[in-house]
Visitor: 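First, the structure itself, so that you have it in front of you.
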Amino acid sequence: MTVPKEYVSHEIEPKWKKAWDMSMYHFDWNETTRPQYIIDTPPPYPTGNFHIGNSLNWCYIDFVARYKRMCGYNVMFPQGWDCHGLPTEVKVEEIHGITKNEVPREEFRQMCRELTRGNIEKMRETMLNLGFSTDWSNEFVTMEPAYYSKTQRSFRKMYDMGRVYQAEHPVNWCPRCETAIAFAEVEYEARGTMLNFLNFDKLKIATTRPELLAACVAVAINPEDDRYNEYVGINMKVPLFGHEVPVIGDREVDPAFGTGVVMICTFGDKQDVRWWMEHDLPLRKSIDRNGLMTSIAGKYEGMAIPECKDAIIEDLRAEGYLLEQKTLDQNVGMCWRCDTPIEILSERQWFAKIDTDAVSKAADEVMWLPPYMKVRLNNWIGTMEWDWCISRQRLFATPIPVWYCKDCDEVLVAKEEWMPIDPTRQQPPEACGCGCTEFEAEEDVLDTWMDSSITALHVSGWLSDHDMKLPTQLRPQGHDIIRTWAFYTILRSMALTGKRPWDSILINGMVLGEDGHKMSKSLGNVISPEEVIKDYSADSFRQWAAIGGSPGSDVMFRWKDVVSASRFFTKAWSIYRFAMSHLEDYEHTDMEVSELKVVDRWLLSNLNRLILSVTDSMDAYQFDEVFKAIRGFTWDVLADNYIELIKSRLYGDDETAKKAAKYTLFVTMDSLARLLAPFAPFFSEEMFSRIGERSVHLQAWPVSREELIDPDIEKSGDFIKEVASNVRRYKSEKGMALNTSLEKIEIYGTTMDTSDLAGVTNSPIEMIEGEPDFEHVPVNVKPNMGKIGPLFRGKAKAIIDALLDENPKKIADGISKGKIVITVDGEPVELEPDYVEVEKEVVSAGRSVDVLDVCGVPVVIVR
RNA sequence: GGGCCCGUGGUCUAGCCGGUUAUGACAUCGCCUUUACACGGCGGGGGUCAUGAGUUCGAAUCUCAUCGGGCCCA
């Protein structure tokens with residue numbers, strides 16, 4: 001059993017990647033004993049690049065999945081791919097040098113599928129390189145019939161429940177993408193614009209959108225505004241266009257904005273929609289689906305919006321309607337895909353009903369980590385005004401399974417047993433109720449969120465041969481998609497099953513570049529996980545993910561964290577190599593505590609305490625705390641102290657004492673391999689391969705042996721460690737080599753097993769009862785604020801002052817007598833001995849020695 | 001304009017249901033090849049805990065205000 005001197009991650013990681021049988025990570029659908037732990041993994045968009053933000057999130061998921069498996073859960077860590085969407089359409093157009101309307105619909109969709117398959121392949125490779133314990137037997141691809149038929153069936157089910165309906169309603173519209181979009185897809189950007197003051201017949205109005213004059217349907221004022229309320233009810237002529245519109249009163253009008261008079265258009269913004277619905281105003285569509293002016297715009301018909309705006313302002317000015325222009329800061333709603341300002345158009349679209357109460361109630365049943373992230377969902381819920389527009393005018397998406405009868409216009413929604421189906425390619429197998437067999441296919445497709453909002457249902461066996469396992473146990477996702485993915489998933493799960501989708505939701509932060517800004521191509525601060533693996537290792541990357549920050553907070557990527565991670569593995573390897581060199585002929589059997597030395601019991605006490613705290617932190621998803629604790633134990637306790645202390649035993653002749661050290665080393669190596677397994681799957685596997693049978697990833701998580709946690713032993717061990725460390729420092733300060741043999745080390749007033757100490761200091765140790773012939777001179781008094789404060793409250797300060805004024809020697813005498821008496825404001829006050837601590841200085845009395853004070857115990861070094 | 005999070009040595013951070021001397025990492029300086037490791041060991045320097053006020057015997061910690069940063073939304 002030779003252990004190579006160096007840990008070469010570039011050989012070991014590929015070795016295990018190749019050797020692992022990934023079926024060990026498969027979920028057992030027929031399990032009856034182990035509890036289920038299903039993860040509703042986010043399906044990434046297959047861009048072909050599994051980026052660092054994905055990687056951070058997946059590291060968190062993998063830590064949990066591996067930990068839960070080791071704890072005896074039947075874990076499903078599935079992998080999905082959210083394929084549909086505009087970016088792929090754009091990419092396909094770019095690659096093939098076409099526009100989507102130049103080729104037949106199906107051919108274009110085929111090109112999109114091919115591109116997507118290749119991209120998925122690339123991303124899978126990165127995921128394997130990062131060592132994720134993905135359950136590939138439960139992979140899903142939303143563009144494949146097996147998945148999108150579920151999307152279509154969910155559409156039909158919700159249609160039957162009356163939760164999906166078609167209607168003409170205002171929608172957010174992207175003129176560039178030529179499609180309706182949902183509020184969740186609208187992003188706001190601060191832009192400067194002109195506020196135009198117009199002479200509007202009898203009143204002056206202020207508007208930022210003069211190009212919508214043709215769509216003006218009313219003028220509104222605040223009914224409490226004395227300047228104008230007499231005008232309510234009369235009609236006014238719209239400048240340039242001449243049609244008459246009524247003046248209405250509405251409290252929402254801000255008298256302080258502009259002139260206090262606004263025009264209502266169909267539609268300039270969301271507020272217009274509210275007024276339009278509330279006051280039952282007519283509809284005037286002045287903008288078409290391409291963002292061009294319609295016929296009601298008269299001579300401006302066919303102009304693009306900015307062009308029309310310029311022309312109308314010119315004409316208003318020429319005809320004397322334009323009174324004034326002021327600059328105004330304004331937030332403009334933009335399409336999140338293409339940054340084009342959106343318009344609100346009235347369109348015949350499909351909608352899903354939003355039941356905010358049901359979503360809110362279900363969200364309360366879910367444990368949010370960190371908890372304040374739920375606030376974001378609730379804030380979003382509070383702003384919902386319209387239902388969710390689920391139809392899109394695109395190609396690469398799940399087809400809406402609907403036809404319209406050519407004779408009677410009746411809507412025919414496909415039956416579930418017909419799915420998957422593309423209505424543009426297949427006719428319904430039944431005639432319309434009116435007897436007609438000629439149908440017009442619905443060409444619109446579904447919003448991609450309609451696919452991805454049923455992942456929780458899909459992975460838990462919905463509409464499959466398996467038993468339904470909803471709710472899943474964990475939803476891991478970023479805080480940027482709470483208003484979309486989290487919201488829609490809860491909505492759909494409640495609508496379709498009446499159950500919450502998950503027990504808990506773990507929110508990860510965004511990854512920031514080394515400059516502290518969000519990683520983006522334009523800032524040039526993008527780092528790919530593959531780069532990190534190449535320069536360091538996958539395990540080092542994973543350690544950065546664990547230790548870089550706590551879940552929920554944004555995490556900065558720093559190369560130096562990766563460097564220190566890889567140094568930790570070097571150190572751990574060195575420890576492992578040392579341990580294994582002494583365990584060559586070791587056969588593991590249980591040992592009684594009585595057979596162990598103090599130092600062994602000290603280490604085991606610390607190890608079991610570590611297991612306890614690490615388990616708690618894992619349960620709380622505090623991976624940074626977990627790894628810091630493991631690192632601290634390994635480096636400080638095990639390497640810097642324990643190993644140094646036992647060397648003399650390991651190299652000595654006392655076989656019993658040697659065996660105790662070997663036993664302790666073995667147990668520690670075995671536990672460490674298991675504790676590291678969720679974080680460093682490759683390194684821990686390499687470690688474990690020389691310790692135990694089969695993969696470390698099939699082993700149980702260590703259980704703390706609490707009977708080995710012993711505060712007294714820890715105290716004794718700490719003392720030995722402190723003596724060793726003080727002697728080391730002493731030698732260092734005196735310029736002595738570390739292995740210099742001192743004539744004698746005397747320790748006073750305590751008894752203990754000194755064999756390891758003699759070994760590590762390479763010097764004889766003598767325990768001497770009583771005090772040394774030196775004087776302990778009390779020099780300083782330290783009041784114990786934690787005790788004095790609460791007891792004496794307002795008097796505390798006076799007591800502390802009195803204590804500090806008093807001669808330290810007198811206080812020390814008081815302590816030895818069991819009672820301290822001091823005078824405060826002329827009154828005697830009694831204090832218990834533990835209310836103060838006295839610092840003492842040891843004064844030498846004639847011997848040529850050095851005296852160290854270790855935890856209050858005099859240690860005398862005879863040179 | 002509203003909501004949420006956050007300001008701790010040069011950098012990043014722990015502590016934050018109040019208690020003495022504020023944690024660790026990286027960086028920096030000095031010393032050391034001791035049979036696991038120089039990708040190591042030992043030791044040192046460096047912080048008025050953003051600012052101001054309040055509560056309290058006592059505040060990095062609680063309250064308020066101000067300034068600054070980030071995110072989500074209108």
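In the text below, chain A, chain B and the rest are named by the order of the sequence lines, each starting its count at 1.
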Visitor: Which part of the nucleic acid, if any, lies within contact of A:D640, taking any heavy atom under 4.0 Å across all strands shown: a base, the sugar-phosphate backbone alone, or nothing?
Guide: sugar-phosphate
Visitor: Distance between the C1' atoms of B:G46 and B:A22, in whole angstroms?
Guide: 14 Å
Visitor: Expressed as a whole number of angstroms, how long is the span from A:F568:CZ to B:G40:P?
Guide: 13 Å
Visitor: Using the C1' atom in both, what is the distance from B:A38 to B:C71, to the nearest Å?
Guide: 44 Å
Visitor: Angle between ring planes, A:F666 versus A:Y586, binned at 30° and 60°: parallel, tilted or perpendicular?
Guide: tilted
Visitor: Between the protein and nucleotides 29-35 of chain B, list the N/O to N/O atom pairs that are separated by less than 3.5 angstrom.
Guide:
none

Visitor: Quote, to the nearest angstrom, the P distance that separates B:G2 from B:C16.
Guide: 31 Å
Visitor: Tell me: CD1 of A:I507 to C1' of B:C72, nearest whole Å?
Guide: 13 Å
Visitor: Need one value for A:W635: base, sugar-phosphate or nothing, where a base atom within 4.0 Å counts as base even if backbone is also close, heavy atoms only.
Guide: sugar-phosphate
Visitor: Please report, rounded to the nearest Å, how far the C1' atom of B:G43 is from the CG atom of A:D636.
Guide: 15 Å
Visitor: Within this structure, what is the CD1-to-P distance between A:I547 and B:U23, rounded to whole angstrom?
Guide: 19 Å
Visitor: What integer number of Å spans the C1' atoms of B:C32 and B:C17?
Guide: 47 Å
Visitor: Rounded to whole Å, how long is the line connecting atom CG of A:N378 with atom C1' of B:C72?
Guide: 13 Å
Visitor: Find the distance between CG (A:L665) and CD1 (A:I643) and round it off to the nearest 0.5 Å.
Guide: 6.0 Å
Visitor: I want to confirm an ordering. Mapping A:T570 and A:A579 to their closest nucleotides on RNA chain B, which one lands closer to the 5' end?
Guide: A:A579
Visitor: Specify whether A:F683 and A:W573 have parallel, tilted or perpendicular ring planes, treating 30° as the upper limit for parallel and 60° as the lower limit for perpendicular.
Guide: perpendicular
Visitor: Should A:D654 and A:R649 count as an ion pair when the cut-off is N to O under 4.0 Å?
Guide: no
Visitor: Run the ring-ring contact (aromatic ring centres under 6.0 Å, His included) test against A:F688 and tell me which residues pass, sequence neighbours left out.
Guide: none
Visitor: P atom, B:G9 versus B:G52: distance in rounded Å?
Guide: 15 Å
Visitor: Test: salt bridge (Lys or Arg N to Asp or Glu O under 4.0 Å). Region: residues 617-643 of chain A. Which pairs qualify, not counting sequence neighbours?
Guide: none
Visitor: What's the verdict on salt bridge (charged side-chain N to carboxylate O under 4.0 Å, His left out) for A:R609 and A:E714, showing C-alpha distance, side-chain angles and the deciding distance?
Guide: CA-CA 11 Å; A:R609 203 182 274 287; A:E714 282 179 21; 3.0 Å; yes
Visitor: Between A:T489 and A:R475, do the side chains contain a donor N or O and an acceptor N or O under 3.5 Å apart?
Guide: yes
Visitor: Say whether A:T668 and A:S671, considering side chains only, have a donor N or O and an acceptor N or O under 3.5 Å apart.
Guide: no
Visitor: Could you state the CZ-C1' distance from A:R728 to B:G40, rounded to the nearest angstrom?
Guide: 13 Å
Visitor: How far, in whole Å, is B:A59 from B:A53 if one measures between their C1' atoms?
Guide: 13 Å
Visitor: I need the NZ-C1' distance between A:K5 and B:C37, as an integer number of Å.
Guide: 8 Å
Visitor: Between A:Y7 and A:F569, how do the two ring planes meet: parallel, tilted or perpendicular, split at 30° and 60°?
Guide: tilted
Visitor: Output the rounded distance in Å from CH2 (A:W380) to C1' (B:C4).
Guide: 16 Å
Visitor: Just to verify, what does A:D364 make a salt bridge (charged side-chain N to carboxylate O under 4.0 Å, His left out) with, not counting sequence neighbours?
Guide: A:K374
Visitor: Hey, what are the protein-to-nucleotides 5-13 of chain B N/O distances that come in under 3.5 Å?
Guide:
residue	atom	partner	partner atom	Å
B:C12	O2'	A:R558	NH1	2.7
B:C12	O2'	A:R558	NH2	3.0

Visitor: So that I can compare with my own list, what are the stems of RNA chain B, taken as at least three consecutive Watson-Crick or G-U pairs with distances under 3.5 Å?
Guide: B:1-7 with B:67-73, B:10-12 with B:24-26, B:28-32 with B:40-44, B:50-54 with B:62-66
Visitor: For the side chain of A:S574, starting at C-beta, report the closest nucleotide among B:A36, B:C39, B:C42.
Guide: B:A36
Visitor: Could you measure between the two C1' atoms, the one in B:C49 and the one in B:G7, and give it in whole Å?
Guide: 10 Å
Visitor: If each of A:R567 and A:S581 is mapped to the nucleotide of RNA chain B with the nearest heavy atom, which maps nearer the 5' terminus, i.e. the 5' end?
Guide: A:S581
Visitor: Checking the side chain of A:N172 only, and the main-chain atoms of A:I344 only, is there a donor and an acceptor separated by less than 3.5 Å?
Guide: no
Visitor: Within the 3.5 Å criterion, strictly below it, is a donor on A:N606 or A:Y642 matched to an acceptor on the partner's side chain?
Guide: no
Visitor: Please tell me which of the listed nucleotides, B:C71, B:G41, B:C39, lies nearest to the side chain of A:K571?
Guide: B:G41
Visitor: In whole Å, measure the gap between the P atoms of B:U56 and B:G70 for me.
Guide: 37 Å
